[in-house]
Amino acid sequence: MAKVATPTFTPAGGQVGTSASFEIACATSGSTIYYTYGDTDPSTTNWTAYSGAVNLPTQSGQNVVVRAFAVKSGSDNSDVATATFNTIGFSSAVGADAVAILDTNTTQGLGSVCEGIGKSGSDGTSIGGWRIGASGTTTNLKYETGSI
């Protein structure tokens, strides 16, 4: 029996803004995709049937694990795909010309763009004239201006 293709996420995970959403697709025509948050076993009765873009939580600094699988009558269920999103954002007091320093290391990163960032006093990494975090906790840094 043929196996349904493993679903894919867009974006594939990583750091996203607090108003972000994700989409799920499956290359197997006629398949139905189911998704859930966390580590529950795949189930067409306990997981949500995917019908379009899904909004992520609006709180900054949340790690969200999403799992998905696809089914089609007459085929074996797909493997489970997993994506981890870390929501980041600024307070409303930060204007459109703010400096954004993003840490793309989702396992040992800043967690929030406002955590441990300053012009002086930090012993961490320096980027764009800003000092970030504590030594060893910041990797894969990206520096931008403007809003996320």
Side-chain angles (χ1 to χ4, degrees), residues 1-94 96-117 122 124-128 130 132-148:
M1 191 176 308
K3 189 171 190 173
V4 177
T6 303
T8 57
F9 291 91
T10 304
Q15 291 185 327
V16 295
T18 55
S19 61
S21 62
F22 64 88
E23 294 184 1
I24 311 170
C26 180
T28 303
S29 179
S31 62
T32 302
I33 301 169
Y34 292 88
Y35 72 96
T36 191
Y37 300 99
D39 293 329
T40 60
D41 290 331
S43 167
T44 58
T45 57
N46 294 331
W47 289 29
T48 303
Y50 176 77
S51 61
V54 179
N55 292 327
L56 288 163
T58 58
Q59 288 184 317
S60 180
Q62 289 202 352
N63 284 317
V64 180
V65 177
V66 184
R67 299 176 71 212
F69 77 107
V71 300
K72 182 177 180 179
S73 180
S75 299
D76 289 335
N77 292 352
S78 75
D79 291 331
V80 175
T82 302
T84 302
F85 299 93
N86 181 289
T87 57
I88 59 172
F90 297 112
S91 73
S92 59
V94 177
D97 294 326
V99 172
I101 300 175
L102 311 178
D103 185 352
T104 60
N105 179 349
T106 58
T107 58
Q108 184 187 9
L110 293 173
S112 169
V113 295
C114 296
E115 179 183 331
I117 299 174
S122 174
T125 304
S126 177
I127 184 171
W130 291 84
I132 302 109
S135 181
T137 63
T138 53
T139 59
N140 305 324
L141 295 175
K142 180 179 177 184
Y143 171 80
E144 296 180 353
T145 58
S147 59
I148 295 175

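As a basis for the values below, the full set of heavy atoms in this structure was taken, side chains included, without hydrogen atoms, waters or symmetry mates.
The main-chain N or O of Ala5 is found under 3.5 Å from a side-chain atom of Thr28 such that the two form a donor-acceptor pair. One N or O on the side chain of Ser78 and one on the backbone of Ala70 form a donor-acceptor pair closer than 3.5 Å.
The two residues Trp47 and Tyr34 have their closest heavy-atom pair at CE3-O, 3.7 Å. Shown here for Phe22 and Tyr50, the closest heavy-atom pair between the two residues is O-OH, 4.4 Å. Nearest heavy atoms, Asp76 versus Met1: OD1-SD, 3.5 Å. In this structure, Val65 and Thr84 approach most closely via the heavy-atom pair CG2-OG1, 3.8 Å. Heavy-atom minimum distance, Phe9 versus Ala68: CZ-CB, 3.7 Å. Taking each heavy atom of Asp79 and Thr6 in turn, the nearest pair found is CB-OG1, 3.5 Å.
Separation of atoms CZ (Phe69) and SG (Cys26) is listed at 11.0 Å; rounding is to 0.5 Å. Between Lys3 atom NZ and Asn77 atom CG the span is 9.0 Å, to the nearest 0.5 Å.
Screening residues 21-39 for salt bridge (charged side-chain N to carboxylate O under 4.0 Å, His left out), with sequence neighbours left out, gives no hits.
For the pair Val16/Thr87, a side-chain contact is recorded, criterion being any heavy-atom separation below 4.5 Å from C-beta on. For the pair Thr44/Val71, a side-chain contact is recorded, criterion being any heavy-atom separation below 4.5 Å from C-beta on.
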